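For reference, the structure discussed in these notes is given below.
Worth saying up front: this structure is predicted, and the values here are computed from it rather than measured. We use all heavy atoms of the structure for the numbers below, so side chains are in, but hydrogens, waters and symmetry mates are not. Residue numbering restarts at 1 for every chain, and letters A, B, ... go by the order of the sequence lines.
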Amino acid sequence: MPELPEVETSLKGIEPYLLNQTLKKVEVRNPNLRWPVSQQVHTLVDANVKNMRRRGKYIILEFDAGAILVHLGMSGSLRVLSHDSPVEKHDHIDFITQDKRICLNDPRRFGCVLWSEDWSKHKLISHLGPEPLSKAFDADYLHRKAKGRNVAVKQYIMDSGIVVGVGNIYANEALFKAGIHPMRAAGNIALKRYEVLVEKIKAVLAAAIKQGGTTLRDYVGGDGKPGYFKQQLLVYGCQGKPCVSCGASLKEIRQGGRSTVYCVVCQT
DNA sequence: CTTACCGCCTGTCGGC
DNA sequence: TGCCGACAGGCGGTAA
């Protein structure tokens with residue numbers, strides 16, 4: 001499941017092949033992603049890629065006339081391939097340049113490829129909270145926004161309107177490292193504890209980005225599994241195993257349909 | 001406004 | 001061995 005570090009790694013991986021180059025066309029083999037691929041994407045011809053950036057888990061390709069927004073969903077990946085490399089199952093979209101085809105492969109099709117004339121005002125983007133690694137994301141902000149909110153802190157930090165890019169894996173890890181119980185009401189957490197939580201969120205995401213940059217060197221994206229980061233996950237997927245800190249058996253619960261794993265002793 | 005729940009998809013896994 | 005249902009999960013949309 002691509003989370004922010006994987007998206008960042010994917011962006012860095014395709015950038016050398018797209019930035020300041022001419023996108024000759026976009027070949028759409030299957031337009032039926034989460035939303036149908038925008039008509040403007042189908043008909044795009046010889047467009048210069050002026051800029052590339054990430055916002056949350058969206059990859060944004062900027063042109064003179066507008067931008068393409070790419071989301072990898074649950075299972076999407078981007079790979080840099082040559083024109084004669086075989087088309088594989090779930091290779092839905094190719095971004096065609098002189099030399100390469102940058103291919104979106106997405107088995108579950110939860111991703112999307114959309115056109116926007118002004119990406120920052122697009123409805124999928126405009127409501128997003130700050131980037132987790134930016135200065136705008138700090139304890140004061142997180143504490144202030146939580147006032148009066150009864151929602152569980154884990155769901156709170158996974159709310160993209162609060163902060164982007166904190167997915168299930170890193171939410172579990174950050175809450176463990178911060179010693180905060182995932183069910184605790186967001187509005188019932190002291191500023192001091194949010195200071196720790198913010199620090200841990202930033203640390204775990206930064207570490208994962210660093211790893212992604214080295215481990216995925218020879219291809220972009222990956223298989224959708226947290227393989228390269230897996231070895232240092234302390235709670236996610238570790239239910240029933242002993243807590244690395246106190247030895248108690250890690251407990252699994254469900255929150256909003258998602259798996260939460262935590263230590264009943266260390267997280268309060 | 002907040003919160004709870006649905007559903008989009010297919011690969012994987014456990015049970016039989 | 002093979003079938004089949006349950007499940008996973010980001011996240012927008014909708015209902016309460």
Side-chain angles (χ1 to χ4, degrees), chain A residues 1-11 28-38 54-60 69-78 88-93 104-114 116 119 121-132 142 144-175 182-189 201 205 208 221-227 229-230 233 235-240 252-261:
Chain A
M1 59 235 42
E3 300 217 34
L4 186 143
E6 290 85 339
V7 176
E8 182 73 22
T9 302
S10 295
L11 171 62
V28 182
R29 274 185 218 89
N30 185 352
N32 304 119
L33 303 182
R34 180 166 187 191
W35 296 284
V37 172
S38 298
R54 179 186 60 73
R55 179 72 178 97
K57 295 183 188 173
Y58 291 89
I59 289 172
I60 299 162
L69 313 183
V70 179
H71 196 289
L72 301 177
M74 273 294 299
S75 55
S77 63
L78 288 163
E88 293 179 15
K89 198 174 183 182
H90 307 305
D91 281 355
H92 304 312
I93 314 278
L104 173 67
N105 181 288
D106 186 3
R108 293 182 201 175
R109 288 189 273 135
F110 279 17
C112 64
V113 177
L114 299 172
S116 174
W119 65 267
K121 293 193 173 64
H122 193 278
K123 68 174 179 180
L124 296 177
I125 302 281
S126 61
H127 74 283
L128 294 177
E131 291 288 326
L142 206 53
R144 176 167 49 81
K145 293 282 273 188
K147 284 213 168 80
R149 292 199 57 175
N150 201 37
V151 68
V153 62
K154 187 195 171 212
Q155 286 158 289
Y156 176 65
I157 61 173
M158 289 177 68
D159 180 345
S160 64
I162 300 299
V163 56
V164 297
V166 182
N168 195 40
I169 295 174
Y170 301 121
N172 276 293
E173 296 299 310
L175 285 167
M183 298 263 282
R184 179 172 284 274
N188 187 27
I189 295 176
I201 289 172
L205 288 173
D223 58 6
K225 293 173 185 165
F229 196 68
K230 206 172 182 177
L233 296 177
V235 287
Y236 181 81
C238 301
Q239 57 272 24
E252 180 179 31
I253 57 172
R254 302 198 67 74
Q255 290 181 280
R258 296 178 189 85
S259 169
T260 298
V261 184

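Here A:Phe110 counts as stacked on B:dC8: its ring centre is under 5.5 angstrom from the base ring centre and the planes meet at under 30°.
Taking the salt bridge (Lys or Arg N to Asp or Glu O under 4.0 Å) definition, one finds that A:Glu131 meets it with A:Arg54, A:Arg55, sequence neighbours left out. For A:Arg29, the salt bridge (Lys or Arg N to Asp or Glu O under 4.0 Å) criterion is met by A:Asp94, not counting sequence neighbours. Not counting sequence neighbours, the partners of A:Val235 by the side chain to side chain contact (heavy atoms under 4.5 Å, CB included) test are A:Asn172, A:Glu173, A:Phe176, A:Leu250, A:Val261. Residues meeting the side chain to side chain contact (heavy atoms under 4.5 Å, CB included) test with A:Pro31, sequence neighbours left out: A:Val28, A:Val37, A:His42. In this structure A:Cys112 satisfies the side chain to side chain contact (heavy atoms under 4.5 Å, CB included) test together with A:Trp35, A:Tyr58, A:His71, A:Leu114, sequence neighbours excluded. Taking the side chain to side chain contact (heavy atoms under 4.5 Å, CB included) definition, one finds that A:Asn30 meets it with A:Asn32, A:His92, A:Arg109, sequence neighbours left out. Residues satisfying the salt bridge (Lys or Arg N to Asp or Glu O under 4.0 Å) criterion with A:Lys121, sequence neighbours excluded, are A:Asp118. Take A:Thr260 and apply the side-chain hydrogen bond (donor to acceptor under 3.5 Å, both in side chains) test, not counting sequence neighbours, and it matches A:Lys154, A:Gln255.
At distances below 3.5 Å, not a single donor-acceptor pair connects side-chain atoms of A:Glu252 with backbone N or O atoms of A:Gln239.
Regarding contacts with the backbone of B:dT10, a side-chain N or O of A:Arg109 is found under 4.0 angstrom from either OP1 or OP2. The side chain of A:His90 places no N or O atom within less than 4.0 Å of a non-bridging phosphate oxygen (OP1 or OP2) of B:dC9. Phosphate contact (OP1/OP2 of C:dG9, side-chain N/O of A:Tyr236, threshold under 4.0 Å): present.
Each of A:Gly256 and A:Glu252 has a nearest nucleotide on DNA chain C; the 5'-most of these lies closest to A:Glu252.
Residue pairs meeting the side-chain hydrogen bond (donor to acceptor under 3.5 Å, both in side chains) criterion with at least one member in residues 155-165 of chain A, sequence neighbours excluded, do not occur.
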I'd like a list of close polar pairs between nucleotides 4-6 of chain B and the protein, N/O only, cut-off under 3.5 Å.
none

Enumerate all atom pairs, one protein N or O and one N or O from nucleotides 14-16 of chain C, separated by less than 3.5 Å.
none

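Within 4.0 Å (heavy atoms only), A:Leu72 reaches no atom of the nucleic acid at all. Contacts of A:Asp106 with the nucleic acid, taken as non-hydrogen atoms under 4.0 Å apart, are absent.
Axis angle between the ends of the helix from B:dT2-C:dA16 to B:dC16-C:dG2, five pairs each and rounded to 10 degrees, works out to 50°.
Closest to the side chain of A:Lys57, out of C:dG9, C:dG12, C:dG10, is C:dG10. Ranking C:dC11, C:dG13, C:dA8 by closeness to the A:Arg34 side chain, first place goes to C:dC11. Comparing atom distances between the A:Arg149 side chain and each of C:dG13, B:dT2, C:dA8 picks out B:dT2 as nearest.
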